[in-house]
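Everything below concerns the one structure shown next.
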Protein chains: 4
Amino acid sequence: MKAWGGRFKGETNPLMERYSASIDFDWALFEYDIEGSKAHAEMLAHIGILDEKERDGIIRALDEIKMEIREGRFEFSASMEDIHMHVEARLIEKTGEAGKKLHTGRSRNDQVSLDMRLFLKHELRLSEMAVEGLLVVLLEKGSKEKGIFMPGYTHMQKAQVVPFSHYLLAYYYMFQRDRERLKGVIRAIDVLPLGSGALAGSTIPLDREFVRQRLGFSRVSENSMDAVADRDFVLDAVFANGMVMTHLSRLSEDLIIFSTEEFGFVSLPDELCTGSSLMPHKKNPDALELTRGKTSRVIGDLMSLFALLKGLPMTYNRDLQEDKEPLFHAVATVKDALAIMTLCIQGMEINGRRMEEAAIKSFMAAVEMAEYLTLKGVPFREAHTITGRMVRACEEKGVPLASIGIEEMKTYSGAFEDDIYDHIEPRRILSNRRTTGAASFAEVEKELDAETAYLHH
Amino acid sequence: MKAWGGRFKGETNPLMERYSASIDFDWALFEYDIEGSKAHAEMLAHIGILDEKERDGIIRALDEIKMEIREGRFEFSASMEDIHMHVEARLIEKTGEAGKKLHTGRSRNDQVSLDMRLFLKHELRLSEMAVEGLLVVLLEKGSKEKGIFMPGYTHMQKAQVVPFSHYLLAYYYMFQRDRERLKGVIRAIDVLPLGSGALAGSTIPLDREFVRQRLGFSRVSENSMDAVADRDFVLDAVFANGMVMTHLSRLSEDLIIFSTEEFGFVSLPDELCTGSSLMPHKKNPDALELTRGKTSRVIGDLMSLFALLKGLPMTYNRDLQEDKEPLFHAVATVKDALAIMTLCIQGMEINGRRMEEAAIKSFMAAVEMAEYLTLKGVPFREAHTITGRMVRACEEKGVPLASIGIEEMKTYSGAFEDDIYDHIEPRRILSNRRTTGAASFAEVEKELDAETAYLHH
Amino acid sequence: MKAWGGRFKGETNPLMERYSASIDFDWALFEYDIEGSKAHAEMLAHIGILDEKERDGIIRALDEIKMEIREGRFEFSASMEDIHMHVEARLIEKTGEAGKKLHTGRSRNDQVSLDMRLFLKHELRLSEMAVEGLLVVLLEKGSKEKGIFMPGYTHMQKAQVVPFSHYLLAYYYMFQRDRERLKGVIRAIDVLPLGSGALAGSTIPLDREFVRQRLGFSRVSENSMDAVADRDFVLDAVFANGMVMTHLSRLSEDLIIFSTEEFGFVSLPDELCTGSSLMPHKKNPDALELTRGKTSRVIGDLMSLFALLKGLPMTYNRDLQEDKEPLFHAVATVKDALAIMTLCIQGMEINGRRMEEAAIKSFMAAVEMAEYLTLKGVPFREAHTITGRMVRACEEKGVPLASIGIEEMKTYSGAFEDDIYDHIEPRRILSNRRTTGAASFAEVEKELDAETAYLHH
Amino acid sequence: MKAWGGRFKGETNPLMERYSASIDFDWALFEYDIEGSKAHAEMLAHIGILDEKERDGIIRALDEIKMEIREGRFEFSASMEDIHMHVEARLIEKTGEAGKKLHTGRSRNDQVSLDMRLFLKHELRLSEMAVEGLLVVLLEKGSKEKGIFMPGYTHMQKAQVVPFSHYLLAYYYMFQRDRERLKGVIRAIDVLPLGSGALAGSTIPLDREFVRQRLGFSRVSENSMDAVADRDFVLDAVFANGMVMTHLSRLSEDLIIFSTEEFGFVSLPDELCTGSSLMPHKKNPDALELTRGKTSRVIGDLMSLFALLKGLPMTYNRDLQEDKEPLFHAVATVKDALAIMTLCIQGMEINGRRMEEAAIKSFMAAVEMAEYLTLKGVPFREAHTITGRMVRACEEKGVPLASIGIEEMKTYSGAFEDDIYDHIEPRRILSNRRTTGAASFAEVEKELDAETAYLHH
């Protein structure tokens, strides 16, 4: 069964059936398609196009079809193009004349937009919850390991000592932004397109407000042409997912490096690692590498969608069918990747000793040494130069900054006094930092408290 | 002058100076860099690092530097890397010791994030205003031409008759979403990063709240590592711009097609068209083609940014320098493209006669014919098939639907009566449409009123 | 069964099994995986690792497995990760100890590269043949319709009259470049990676030359680390496919526009069009719109792959697993899209009358008018200006260029003589064009002959 | 001066002049534009359109214009759109009537294609030479350090011991493929488009063969419409550059990691590193990070170009103007990035001691241990499991594999004998590897010899 055909002479080419069929992927929308059809049927009864018996028969049949699909008893066929036609054809089999009335005032153009919006409202809520799950374990891990410090890096070079929890919180705030972004997208999606027909609305007095309330949308679309041409909400969703993935990919990169033998900062959970078919000693951070790789794919999804829409004339064009696979891929990937990272953060072992050794064995305190001089009145630029020379001297001798005696120190700057040694000790640095949001134990404590409260409110 | 050097033995390679210098493009941030430095200087005075005289000298010198750059009297050099170093070096020339204190507690890592946030808050507000400008002319044009109808298209094939203003309003609502998206991005950007230092904050008691108020930010960043590693706001901005461009590109595509000789629906303003160096008769829609092309570039900008960030370890890495050119390009392009489209909508002539002829000479009324049958009780699927057969018959004979006599009509369906001819007349169709947001004169009138009020509130 | 495990304490997490399993898509490589394993087994026998009985048993078992998979009798499971492990596990079930020897000197790292190279050599050859098929129908259509002329467009505006066949040949040459590009990629792929092991080769004296000959490769990879890290051939393949799609998309765009009612140049075959579920009169160019849309997806595939590889450290990283779905998608899509376009070109009806009317009703001859003047000694820039003024005058009056009498013509330029009318007649123009590759009937004839010979050599 | 105007009533809008002007970037084509114009002038004289005096005057004037631009004495203006118009306008200033004849039979459509092809032939040859330069230093470094071994990595985990030179050669072969790819692109570019006019060739008997020889092209384009619509060569070039950048980015990633304090394998040249404005001790691998970042930009360039072309109708559309900036960016970036990497490889210090220690302190010999067992007849899968258990036992005790006494070894497998200790010693492993292209000192020696010969032939 085709949704059309009266005007056509020839048959559809079998290759064309395969090329154009979307049922392989859009079957995933079946619950939403049926939900939408039920609401449409109720509205048609409400305005007198269906009588009560027809309405009830249609709703019962739609519920049966939902169960048939859920239970794998439903037969799909490329010749019936898409999920909408599959459901409608089966409905007509079950209800006859009544079923033939269901498509009144409706087009696949507004129907598919409805299905996708219902789908995305549901799926993005799941993603948002998965982000929340990750936020929780980041806080938990941060609380548990809050006494540990490590080198903070810029350019992959040791930069300044930071609490390990401060590092974790940096990611916490990234994912919090993701959560807000997802919420914003859910709000943007929350518009009922049904009732826009193919592009022009209808001469039949469809009650869109009735359908809106029935399906729980906040608003009704304002322009029928825009409603069927619009895929902004798809791009918004994939962009938001792409941002989540990008953050997961950055965290993955860090953990892959931190779990090398050379760094040795963390040990990833065995349950997320795999071995080698050839090398018996390998334990590879596959889960994280896959996340990094899957991020590329979601970026590619977004590229596909932009290239798809750019330059498309009004209103609906069949190109739009190709929006589904990138969207479905992005939505499914992000949920899995979040769950994997949640397991990873929960399960990874922190090697505090290695982290702290790496922090101690470094010239990172040069910053605080310069700040010490600054607080004693040396202009910062001079303090920076003085300390730079001291680092160079120590590096050449292979000794730490603290090994320079106070007399020698004074040859670099008269401002040095005995309290300098205390001032550049890592834990002391972590107590001395004063600024809001700084890498200090006190700020971390404050943030952990505030965010724990935020997540539980 | 380099910002560093104490620890280095060799000179920087000249090729490396060119390769790594950002001054060619980041000079554009100078106003924001200076604004940020002034606020920082005031804060340093507030906490006692600078005395009042130093502060006032610095502020005066920074204002002078701003004028030097504005007036083209400032000398740039690749060996000084970036705008931050240029300004600071000149400041030290002017103020000596005082100037050397300015970088206290500050790193280029938090400084550049500040500059970009100030820049973007300003620029995106301009973009938002440019969107508003386009919204206004879309409404004006829609109001002016509200009596004209045209074919609405799906798949580039005539689909259903629509008011021309309804078509324009479809774009109106797209750009309204863009406006909301831009506002959301401006809110996300509105966070002060300064005070995060290189990645760890400072042992110097910088007063970030003071700086926040001075610079007019809503919030202070919560985590120093996140603050310097974060480029979410850049991607948010380029994505929002990419969406604007995509909508402009779709509208351009339409107008390019509508202004072909074959369609002849609109005539574009001469001031936006160009001719041919070889073909004397050509009048080409260059402005719109360029918009379509420039859209590709902004999409490429977004892809660059995703590829840049994906898999970057914490925190700041020099890769991030490459965020600027795509961002600057996207921001500049979208403002121009909006201005061009505003001129285009304002200046284009509408050929209502051609539009209406194209609408009349078509089988588009088949939809309303089927709806007529539906309202008379024929199930929609049957009505669709009946009308499809009638279209095919008419097409073979080369005659319009309305040319079928009532007796012949009844052979297709007994439900046809004499009022069918009236029912499928274009203007009647445009009056008969009932649904919210439909392509009807009444809905268009309502929308024009509502949106005019909205834009002027 | 995992390919590893000796060193692991914990179990793999079930989510991780799903997240990391590639069997859902890499099963498609089974024929190549088995072909490679057979060659490897023969080589192991050749160097004495397997005895003849073991070798024969393995080969027999592998052939059985191939049939089991082909016939759908093979059981797949996410817990066994990938196609390599599935085949090997089943082999060990069938052959015991002998099967356990097969993986000698081999890693999944070199094995998967082998499988993909075998797969791509086969698939790209099919793509190349599909391109040839399209080249043939383009020539056939061009030959059949070689007397028809049409407007050639730049900027979607009528530019100069051209033979319709010349237009088709433009696409012919694009696809000919695609064919050459595909051939180049096939050559680049034609390198045996097997024998590179995980990344380092082997202390077992594997005979790579033996395997190369057995599998029909031209060369053996030269460096074991490069061999397992390299995905250049995947990007080469997807890029070449992306170019084919881009050309198909441009041709689709043309045909979508040419088949609008407004242009009316071609009528697409019913077998590639679909109708509307709501609008009984619609005949939509879905096949071509899908091609345009699917092009976006292949571009996205390439983006995914670049983002995947960019910044990946040596050598094999699990990210690389994500190369398969984009590759498989690109390869499958391009074959279908070529077949669809071949059907489309073959089946479409050309409306020569509409094309020629559109060419005649235009100012396109202004170019030849200017060239006429140039041949009479008027500098081209002046000739261009003169003709431009004539076009403007005619346009204002709504008359064609040829309607200007000779006396009036002479007021524009004294160089006009009576033969001008003949010179600007469309068919005469098409005879008068002189340059190699020009839009003239003679050049088209020459090209059709040359290319027909080329395709049949 | 505009190249057109006769038919236009209004003036071009100043914003439109800025929006559409390409002179800001296409001035870079001036040498090629002038070279092309000189050849065109000679041809016009050859066929009698210009007399000898006119020809000589034009050529002299064009040479003068070239010097004016080179020496910065030429005035550019957005109102004259592009480089073609600038040169032609100045030419007419200098030569009067003669100059007005130059554009005979030529359009900016074929002219710009010519300029870009000439430009790219030159630029890609420079890129190819830069690749050669990098190949040379990779070989030199490989020869110099050929006695050093290091851990080879998969998944960033130590995998198997390899000669450091083998690692360098892996990149050598990547860049060698790039060189071949660049050569292929240069061949594809080597086609003369001039003589195709706007899209249709000319009624003036232009001698394209004459121009081809004069400009040194191998072939003449075969179809005038294809010639002006085609940007395949631009995508080919940017793709090839994108591949080079991707390889440079991977190498950068490695070296960034290898130069961390934690790895300590290499020390990058000071001349390519920079410091921190805040942290006196930092030495950052900026050059390599920038290369990684710039790679993202070139990927974005390619995406821009695909999005640009996808769905563009025949033939020339103004969108195509936007091809230049991505192309110019890609071409300039790749040359610099290659030069930077060449300096980096040349100048970096290799810390052989750290590399070898890292290789020794590992379980990497487990592979050769398993191969030992295989050579003694244990099926590989069993050998893998046995060795995996030994690794796990050693890891728990924190001892190396070689610390297990022979008696204890025999409890794992009876096949172990005293020669096992020798067999798993790193340098012995590197001598024992047998396969072509393996990570062995002998293979490296062979490859170094062969490639040195190849580069000098």
Side-chain angles (χ1 to χ4, degrees), chain B residues 151 153-160 256-265 273-286 288-289 303 306-308 310-312 319 354 358 361-367 369-371 380-381 383-392 394-395 401, chain C residues 151 153-160 256-265 273-286 288-289 303 306-308 310-312 319 354 358 361-367 369-371 380-381 383-392 394-395 401:
Chain B
Y153 294 83
T154 60
H155 309 259
M156 283 297 294
Q157 296 287 326
K158 291 179 187 173
Q160 292 188 263
I256 289 167
I257 292 170
F258 288 173
S259 64
T260 57
E261 209 174 303
E262 289 76 6
F263 275 77
F265 289 176
C273 294
T274 65
S276 158
S277 69
L278 176 60
M279 298 175 288
H281 60 291
K282 291 299 293 294
K283 177 181 153 186
N284 297 325
D286 293 65
L288 301 174
E289 293 171 278
M303 290 302 123
F306 266 112
L308 187 73
K310 180 240 146 192
L312 218 55
D319 318 50
R354 286 290 294 268
K361 193 190 149 208
S362 81
F363 294 107
M364 292 194 299
V367 182
M369 206 167 207
E371 287 181 354
F380 178 75
R381 273 281 160 251
H384 183 282
T385 306
I386 291 164
T387 327
R389 281 204 306 270
M390 295 168 76
V391 168
R392 185 170 155 190
C394 287
E395 202 176 36
L401 282 169
Chain C
Y153 294 84
T154 61
H155 310 258
M156 284 297 294
Q157 295 288 324
K158 291 178 186 175
Q160 293 187 262
I256 289 167
I257 293 170
F258 288 173
S259 64
T260 57
E261 209 174 303
E262 288 77 6
F263 276 76
F265 289 176
C273 294
T274 64
S276 159
S277 68
L278 175 60
M279 298 174 288
H281 60 291
K282 290 298 293 293
K283 177 179 154 186
N284 297 325
D286 293 66
L288 301 175
E289 293 171 279
M303 179 70 212
F306 265 112
L308 187 73
K310 180 239 147 193
L312 219 54
D319 318 50
R354 286 290 295 266
K361 193 190 147 207
S362 80
F363 294 107
M364 294 193 299
V367 182
M369 207 166 208
E371 287 181 354
F380 178 73
R381 274 279 159 251
H384 183 281
T385 306
I386 291 164
T387 327
R389 282 204 304 270
M390 295 169 75
V391 167
R392 186 170 151 191
C394 286
E395 201 176 37
L401 283 168

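In what follows, chains are A, B, ... by sequence order, proteins preceding strands, each numbered from 1.
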Applying side-chain contact (heavy atoms from CB on, under 4.5 Å), run through C/Ser259 and B/Gln157 and close with a yes or a no. CA-CA 9 Å; C/Ser259 64; B/Gln157 296 287 326; 4.1 Å; yes
Is there a donor-acceptor pair closer than 3.5 Å between any side-chain N or O of C/His384 and the backbone N or O of B/Ser276? yes
So what's closer than 4.5 Å to chain B heavy atoms on C/Met156: side chain, backbone, both or neither? both
How close do B/Thr387 and C/Pro280 get, counting heavy atoms only, and between which atoms? CB-CG, 3.7 Å
Side-chain heavy-atom pair B/His155, C/Lys283 within 4.5 angstrom cut-off: no
Less than 4.5 Å to any heavy atom of chain C: does that hold for the side chain of B/Glu289, its backbone, both, or neither? side chain
Contacting region of B/Phe306 [heavy-atom separation from chain C under 4.5 Å]: neither
Under the rule for side-chain contact (heavy atoms from CB on, under 4.5 Å), what residues qualify as partners of C/Ala159, not counting sequence neighbours? B/Met279, B/Lys282, C/Thr154, D/Leu199
B/Tyr153: ring pair (Phe, Tyr, Trp, His ring centres under 6.0 Å) partners, not counting sequence neighbours: B/Phe263
What part of B/Met364 is in contact with chain C, defined as an atom under 4.5 angstrom from a non-hydrogen atom: side chain, backbone, both or neither? both
Who among C/Asp319, C/Asp286, C/Ile257 has the most heavy-atom pairs with chain B under 4.5 Å? C/Asp286
Test B/Lys158 against C/Thr260 for side-chain contact (heavy atoms from CB on, under 4.5 Å), laying out the working first. CA-CA 8 Å; B/Lys158 291 179 187 173; C/Thr260 57; over 6 Å; no
Contact winner vs chain C - B/Glu371, B/Gln160, B/Met390, B/Glu262, heavy-atom pairs under 4.5 Å: B/Glu262
Check: C/Ala307 main-chain N/O paired with B/Lys310 side-chain donor or acceptor under 3.5 Å: yes
Nearest 0.5 angstrom please: C/Cys394 SG to B/His281 NE2, how far? 12.5 Å
Report which part of B/Leu401 has an atom under 4.5 Å of a heavy atom belonging to chain C: side chain, backbone, both, or neither. neither
